[in-house]
Amino acid sequence: MAKIQMTTPLVEMDGDEMTRILWKMIKDELILPYVDLKTEYYDLGLEYRNETNDQVTIDSAEATKKYGVAVKCATITPNAARMTEYHLKEMWKSPNGTIRAILDGTVFRAPILIKGIVPYVKNWTKPITIARHAYGDVYKNTEIKVPGKGKAELVFTAEDGTETRELIHNFEGAGIIQGIHNTKESISSFARACFGYAIDTKQDLWFATKDTISKKYDHTFKDIFQEIYDAEYKEQFEKLGIEYFYTLIDDAVARVIRSEGGFIWACKNYDGDVMSDMVATAYGDLSMMTSVLVSPSGVYEYEAAHGTVQRHYYKHLKGEETSTNSIATIFAWTGALRKRGELDGIKELQEFADRLEKACIKTVEDGKMTKSLSLISTCEQPVILNSLDFIKAIRATFESLQG
């Protein structure tokens, strides 16, 4: 059978540890036999990031802006232990954070639903997509430990020297202060990415903050979303029959738990960080979550939501067999290939991605799975496969679906 031809390359970002091993298996078994794969390759493994002083991460993000679609393997964000282990020049920043900042992107995470893996929230029959703002707030904070009695003020000095002051607290003893910020530009980009993704996926969009308490900070988020929706997206939403609405974050949590799913839930940075893990766990497992970074200009970068599976990698290095779930990484590839097919008008590439995703789901539903999936599946007698054999089982299912 002739391979599917591509016209524009994907940006391919290789990664670290066990996911790097799976990356090659996936390409060799599931993609290269069927697609004449064109990629612009960047090695985001920690050793090469260190060698290039992290320039390779910046280059990969710029290439993504150029080509419009990227697929990324999981990568290590180094801590003190990794500094020693990898002999690093410095503690390099999170590649995901660097790429998000360059693309001005919003992260959308959604679960992969499979029969036999029942969500802990029984009424969740459709996926809930978490849209997380990826700039500012507590992640860009400034903190002070207050040693004792004194006055704390919030001060803004304008370019002309004019000062605006607000009293934070008159301290009678020791305490702590935290300053956070955001920008109108970043919030606007977040809003446009959310509205655009809702239109792209034809889903309702919910947004929630705590504007009743944070009457300037959170209320600004609410106002910017509403202004952009009314001016730029309302007509498109109404034409598609989808809805945008705002509610308080505590009300949103209650609504989400009572819902059946099937919508996008836009969250500020910290809320999205926490709620994405809550939703992933409630649906079954972080290894069954897709993740796509979307810029307001329509650039897409696909990856798995989980990390590099360090424990399995150390077993692999010892020559021990691993049973690592590769589905989220496969779905990163299918997401990128489908989007490339959509942008380039290659129907065969879109159909290939659809069929490969169906093959992943059918393989597990037929009782063939990795060890971690067997622990959360209702399948009575699952066949537990090692990492490579699971990918080969998906290939066999894929070829049966072709016929």
Taking 4.0 angstrom as the limit, do [X] and [Y] come out as a salt bridge?
| X | Y | value |
| --- | --- | --- |
| K268 | D218 | yes |
| R338 | E342 | no |
| E17 | R82 | yes |
| K24 | D14 | no |
| R192 | D104 | no |

Could you tell me whether the side chain of [Y] reaches within less than 4.5 Å of the side chain of [X], counting heavy atoms only?
| X | Y | value |
| --- | --- | --- |
| L46 | R49 | yes |
| D137 | Y217 | yes |
| I76 | Y86 | yes |
| F207 | F190 | yes |

Q: Please report the closest heavy-atom contact between H133 and N269, naming both atoms and the distance.
A: O-OD1, 2.9 Å
Q) Which atom names give the shortest non-hydrogen contact between L401 and R355, and what distance separates them? A) CD1-O, 3.8 Å
Q. Taking the six-membered ring of Y302 as reference, does the NZ or CZ atom of K339 fall below 6.0 Å from its centre and within a 45° cone about the axis?
A. no
Q | Ring-face cation contact, Y139 with R132, 6.0 Å cut, 45° max | A | yes
Q. What is the ring orientation for F195 with Y244, classed by angle as parallel under 30°, tilted 30 to 60°, or perpendicular over 60°?
A. perpendicular
Taking atom [atom1] as the centre, does [X] end up with more than 12 heavy-atom neighbours from other residues, nucleotides or ligands that are less than 6.0 angstrom away?
| X | atom1 | result |
| --- | --- | --- |
| Y270 | OH | no |
| K358 | NZ | no |
| K222 | NZ | yes |

Q: Sort out for me which residue in R340, K27, K72 forms a salt bridge (charged side-chain N to carboxylate O under 4.0 Å, His left out) with E12.
A: K27
Q. Of the options I128, T290, V279, D277, which is the one that meets R109 in a side chain to side chain contact (heavy atoms under 4.5 Å, CB included)?
A. D277
Q) Is there a salt bridge (Lys or Arg N to Asp or Glu O under 4.0 Å) between K66 and E62 once you walk through the steps? A) CA-CA 6 Å; K66 176 183 175 182; E62 293 297 340; over 6 Å; no
